[in-house]
Amino acid sequence: MTITRDMLLAAIDRVAAAMERDFDMLNTADGALGDGDLGVTMSRGMRAISAMKDDLPDDIGMALFQCAQAFTKSSGSSYGTLMATGLMSAAKALRGAQSIDVASVPDLIAGARDKMQERGKADLGGKTVLDSLDYVSRATAEADTGDMVVAAAQAVDKALDDFRDRPATVGRARIFGEKSIGLDDPGMLAMRSVVKAATGQ
Amino acid sequence: MTITRDMLLAAIDRVAAAMERDFDMLNTADGALGDGDLGVTMSRGMRAISAMKDDLPDDIGMALFQCAQAFTKSSGSSYGTLMATGLMSAAKALRGAQSIDVASVPDLIAGARDKMQERGKADLGGKTVLDSLDYVSRATAEADTGDMVVAAAQAVDKALDDFRDRPATVGRARIFGEKSIGLDDPGMLAMRSVVKAATGQ
Amino acid sequence: MMKKILNNPEHYVDEMLEGLVAAHPEYYRLHGDGGKVVARAKPGKDGKVGIVTGGGSGHLPVFTGYVGTGLLDACAIGDVFSSPSAEQMADAIRVADSGAGVLRLYGNYGGDVMNFDMAGELVEFEDITCSTVLLADDVASAPPEEHEKRRGVAGMVYAFKMAGAAAEEGRDLEGVTAVAQKAADACRSIGAALSPCTVPQAGKPTFEIADDEMEMGMGIHGEPGVWRGKLQTADQIAGEMMDRLLADMPISSGDRVSVMVNSLGATPPEELYILYRTVKVRLEEAGATIVMPLVGRYATSMEMAGASFTLCKLDEELENLLQAPCDCAFWRVE
Amino acid sequence: MMKKILNNPEHYVDEMLEGLVAAHPEYYRLHGDGGKVVARAKPGKDGKVGIVTGGGSGHLPVFTGYVGTGLLDACAIGDVFSSPSAEQMADAIRVADSGAGVLRLYGNYGGDVMNFDMAGELVEFEDITCSTVLLADDVASAPPEEHEKRRGVAGMVYAFKMAGAAAEEGRDLEGVTAVAQKAADACRSIGAALSPCTVPQAGKPTFEIADDEMEMGMGIHGEPGVWRGKLQTADQIAGEMMDRLLADMPISSGDRVSVMVNSLGATPPEELYILYRTVKVRLEEAGATIVMPLVGRYATSMEMAGASFTLCKLDEELENLLQAPCDCAFWRVE
Ligand SMILES: Nc1ncnc2c1ncn2[C@@H]1O[C@H](COP(=O)(O)OP(=O)(O)O)[C@@H](O)[C@H]1O
Ligand SMILES: Nc1ncnc2c1ncn2[C@@H]1O[C@H](COP(=O)(O)OP(=O)(O)O)[C@@H](O)[C@H]1O
Ligand SMILES: [Mg+2]
Ligand SMILES: [Mg+2]
Ligand SMILES: [Mg+2]
Ligand SMILES: [Mg+2]
């Protein structure tokens with residue numbers, strides 16, 4: 001099973017639409033534990049990607065590289081930079097490819113997670129987007145290729161459930177300390193929206 | 001009839017005591033139409049004069065000159081400078097004298113009024129200490145020397161009554177405009193206390 | 001209410017001066033026993049005309065801060081928003097005099113005028129010749145017909161600079177006084193206040209204003225302005241301030257003008273720069289060339305929020321004096 | 001609530017930069033299409049090591065203001081209290097490079113670190129060599145054992161100055177980086193906040209605090225400090241701040257130290273000078289000689305009230321670099 005360029009473009013459309021839909025939800029969630037700009041960051045980034053969608057090269061690696069740049073250009077917020085970092089990591093692995101082998105997805109996600117971890121200098125378990133990606137990469141690795149889509153969607157939910165009652169220790173949310181207990185991490189919420197939209201769930 | 005040096009020293013004691021007594025009253029009155037420091041200005045000035053009282057020269061002119069200096073040194077507020085200006089005017093007129101001829105009092109006060117008017121560049125009728133002095137100089141000029149003391153005391157009251165319902169047009173009180181109607185000018189209140197204490201009323 | 005960092009409010013000014021002189025001994029020294037006269041640490045050349053100013057505290061860098069080379073020689077400082085005494089002013093004049101006479105250059109406030117006049121009489125006996133120039137640049141404080149009644153505000157910084165440069169050049173008292181008068185006549189200012197400051201000894205704000213209000217033309221001690229109303233946008237505020245200044249002192253094509261966009265205290269430079277955009281457009285529309293714009297905190301009221309604009313119309317002489325070197329802890333021109 | 005002078009909050013930073021560059025074209029110019037990179041109007045000598053910084057707006061003169069001779073070459077500016085994008089930082093690095101490499105010198109904030117790292121990767125492809133020094137001088141933000149987690153505050157002004165002077169002298173990237181690191185290591189800061197500021201786009205104060213309260217150790221964006229309690233006197237506040245700084249970086253007899261007494265915005269210079277008295281006494285008690293004390297607004301949070309102290313322990317090299325000439329619209333050393 002492979003993910004084609006067209007499938008990728010369709011996924012971009014779905015994620016972009018989800019980010020418009022979740023604009024307020026993400027801003028509000030980030031407002032409770034940070035500066036309230038996560039909806040702005042995500043919608044800006046996805047709008048920039050949508051705008052250049054038709055001109056994306058056939059080389060999937062190059063295409064993802066340009067998607068990464070859309071994020072580095074449109075925002076200085078942490079999440080945009082982390083998204084760009086993750087996309088760049090996948091871009092490097094896919095340079096020259098015209099499609100993505102589904103079997104490589106768990107590794108691509110794990111690779112993105114690792115690069116993002118390096119970028120953000122934060123440990124796993126800190127209640128961030130890294131934990132969502134970690135859950136997704138493991139769940140997809142354990143699933144059959146046919147079930148990966150469902151496994152990924154379940155993983156982003158499970159990550160939220162597992163971390164909800166733990167305190168944030170990373171990023172702006174860190175300064176809220178114990179007050180962050182019971183509140184979802186905005187970055188994990190955003191990744192849930194991204195994963196579900198990308199996988200069409 | 002003459003005012004001797006001893007009479008002058010006794011008057012200084014009475015005025016100094018009155019200024020302690022009226023400290024809050026004058027600050028409050030000035031607080032309503034200005035910066036609330038008139039009690040401070042008057043008590044500081046009179047304390048400075050009291051402190052050097054025993055060393056005042058016999059020459060009444062010189063003595064009044066030193067009293068004037070006590071005011072220029074102890075305060076930068078308008079009233080202190082006006083007091084100093086009035087005292088200096090009398091000091092010049094009395095240079096070399098050992099006592100004051102009561103008959104000259106209306107002219108001494110008129111002279112002080114004029115110098116203070118020059119100093120403050122304000123017209124008579126502006127609801128200030130100048131109006132009090134104007135009333136006193138005229139009332140004493142019209143009175144027999146024996147009645148001057150009573151005439152002076154009545155004049156400072158009458159000045160307050162006549163101006164109470166007019167707006168202030170001079171000094172900080174000016175910015176209160178119409179709101180100053182009905183309120184006594186703090187400088188006129190201070191002059192009433194000074195005149196009544198000086199004349200022992 | 002704005003919060004203040006202080007000890008005993010009665011000592012606010014003395015402690016401020018103590019710290020000022022301790023931090024900048026190369027610029028300032030206290031003179032006399034009252035402790036409220038600041039003089040240059042390095043006195044001017046012998047035979048230089050002295051320039052003194054004075055006024056209430058709470059306006060740093062005005063007044064004290066501008067004691068320095070190419071600026072003022074001495075300053076008498078009063079309590080917050082209160083005139084210094086005539087004796088202090090006389091002391092400032094004495095220390096500023098090196099035989100060539102002393103210009104008294106200060107803002108048009110009743111108490112200050114009385115005291116500087118009195119101080120002049122005090123030093124007359126000591127054969128010190130004094131001249132006087134009053135700043136009366138606040139267009140909101142009286143109509144043009146009564147311009148001599150106007151209050152003095154930030155325009156005095158231009159007058160300090162230009163007169164200071166003229167004195168440094170070696171001009172005589174008459175010449176320095178003429179420059180100061182020309183500079184004072186060339187300046188027009190207006191302010192807009194957003195929130196008050198607190199006078200330490202009074203312990204309460206200088207005025208009350210609603211959370212969504214501003215006051216156009218308010219004086220630096222909270223003197224009433226020309227209107228109070230809803231807080232406007234930066235462009236509207238700047239536009240009206242420029243309208244009022246240009247109505248009072250028309251600018252024609254080819255004029256050379258310096259402009260000061262001054263924070264009254266709390267308003268940050270970010271917002272001054274937002275205002276400056278409009279100032280520049282309006283002056284350039286009028287055909288003027290802007291010379292050495294001053295954007296910052298030049299004349300303040302402690303932590304008052306708001307801004308003032310000052311236009312200073314230049315001729316060749318004033319422009320050269322503006323650009324001459326000067327040096328104090330708050331302002332340096334090379 | 002503090003009132004602000006602005007138009008559309010979304011345009012606050014763009015309009016601020018427009019005004020800054022319009023007012024000071026001799027110092028600053030906008031670079032690139034994003035409009036949020038400021039570079040020196042007169043670029044440094046060819047072959048000079050470039051120094052860039054970056055960070056959120058709202059801290060003038062930090063960061064943008066310190067672009068100038070003997071200071072920084074370029075700065076990437078984000079929205080108020082938000083990191084600039086990695087692309088803007090890359091642009092700042094590009095314009096600062098004249099072949100000798102570029103030092104990234106900025107405060108330790110998560111977003112800024114990620115973006116500057118990313119920017120470094122972007123310019124790596126263009127053969128620009130970068131080095132990094134992070135300021136982490138706020139002693140209230142983490143204990144000494146975790147000093148690398150500390151936030152960067154006003155100490156960065158010393159690092160800008162010293163690294164800038166080293167680059168101006170012609171040292172190479174390694175040399176300039178070493179100086180910056182030494183300066184960063186020599187600085188300790190702490191702040192005390194009295195009232196918040198308002199982020200234009202958020203439209204509400206960064207934190208709430210009662211009328212009679214202060215917070216010791218609060219960060220410049222309102223990050224929690226070490227305690228919140230009744231507003232203390234100036235002497236108490238200064239005493240505790242000095243205690244905390246000296247506990248973190250002991251000063252011994254004979255040490256030479258520069259000290260910055262910095263207003264967070266609204267607090268007027270009058271009050272900084274009141275604080276400075278205690279700073280001076282404490283340093284002199286410890287036997288230190290104070291070199292070039294800086295009292296004023298060097299690193300702010302718009303109209304936040306409060307003050308910060310920074311101690312910078314000097315060796316001969318740092319002292320010479322501190323006193324070397326520099327020039328920008330906000331600071332000039334001769
Ligand atoms: N250092 C980090 N490492 C991993 N994830 C991080 C880090 N910092 C922030 N995040 C994630 O990013 C989210 C916040 O993103 P964003 O709103 O863009 O941050 P900011 O506006 O503070 O720059 C957090 O909820 C968290 O999931
Ligand atoms: N220019 C003036 N001419 C005459 N009297 C004046 C003048 N200015 C003030 N006064 C008088 O002084 C009083 C206020 O004195 P004071 O409180 O010392 O003034 P301030 O504190 O404003 O300097 C007024 O009530 C008025 O009587
Ligand atoms: Mg955010
Ligand atoms: Mg953000
Ligand atoms: Mg008064
Ligand atoms: Mg007074």
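Only heavy atoms go into these numbers, but all of them, side chains included; no hydrogens, no water, no symmetry mates. Below, read A as the first sequence line, B as the second, and so on, with proteins coming before strands; counting in each chain starts at 1.
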Under 4.5 Å from any heavy atom of chain A, what part of D:Phe81 do you find: side chain, backbone, both or neither?
backbone
Atom group of D:Gln88 that falls short of 4.5 Å from chain A, counting heavy atoms:
neither
What residues form a salt bridge (charged side-chain N to carboxylate O under 4.0 Å, His left out) with A:Glu142, not counting sequence neighbours?
none
Applying salt bridge (charged side-chain N to carboxylate O under 4.0 Å, His left out) to A:Lys158 and not counting sequence neighbours gives A:Asp162
What are the two closest non-hydrogen atoms of D:Gly111 and A:Ser78, and how far apart are they?
CA-OG, 3.9 Å
Would you say [atom1] of [X] has more than 12 non-hydrogen atoms from neighbouring residues, nucleotides or ligands within 6.0 angstrom?
X: D:Glu208; atom1: CD; answer: no
X: A:Arg5; atom1: CZ; answer: yes
X: D:Asp33; atom1: CG; answer: no
X: A:Glu178; atom1: CD; answer: no
X: D:Arg228; atom1: CZ; answer: yes
X: A:Arg44; atom1: CZ; answer: no

Select all residues of residues 10-28 of chain A having any heavy atom within less than 4.5 Å of some heavy atom of chain D, and report them by number, or 'none'.
none
Is there any residue in residues 91-115 of chain A with a non-hydrogen atom under 4.5 Å from a non-hydrogen atom of chain D, and which ones are they?
none
Does any backbone or side-chain atom of [X] lie under 4.5 Å from a heavy atom of chain D? Answer side chain, backbone, both or neither.
X: A:Thr81; value: both
X: A:Thr85; value: both
X: A:Ala84; value: both

For residues D:Asp117 and A:Lys121, determine if any side-chain heavy atom of one lies less than 4.5 Å from a side-chain heavy atom of the other.
yes
Side-chain heavy-atom pair D:Leu122, A:Met88 within 4.5 angstrom cut-off:
yes
OG-CD distance between A:Ser75 and D:Glu87, expressed to the nearest 0.5 angstrom:
12.0 Å
Pick whichever of D:Gly110, D:Gly219, D:Ala202, D:Pro224 has the most heavy-atom pairs under 4.5 Å with chain A.
D:Pro224
Side chain to side chain contact (heavy atoms under 4.5 Å, CB included) for D:His221 and A:Asp35? Distances and angles first, verdict last.
CA-CA 11 Å; D:His221 309 101; A:Asp35 59 355; over 6 Å; no
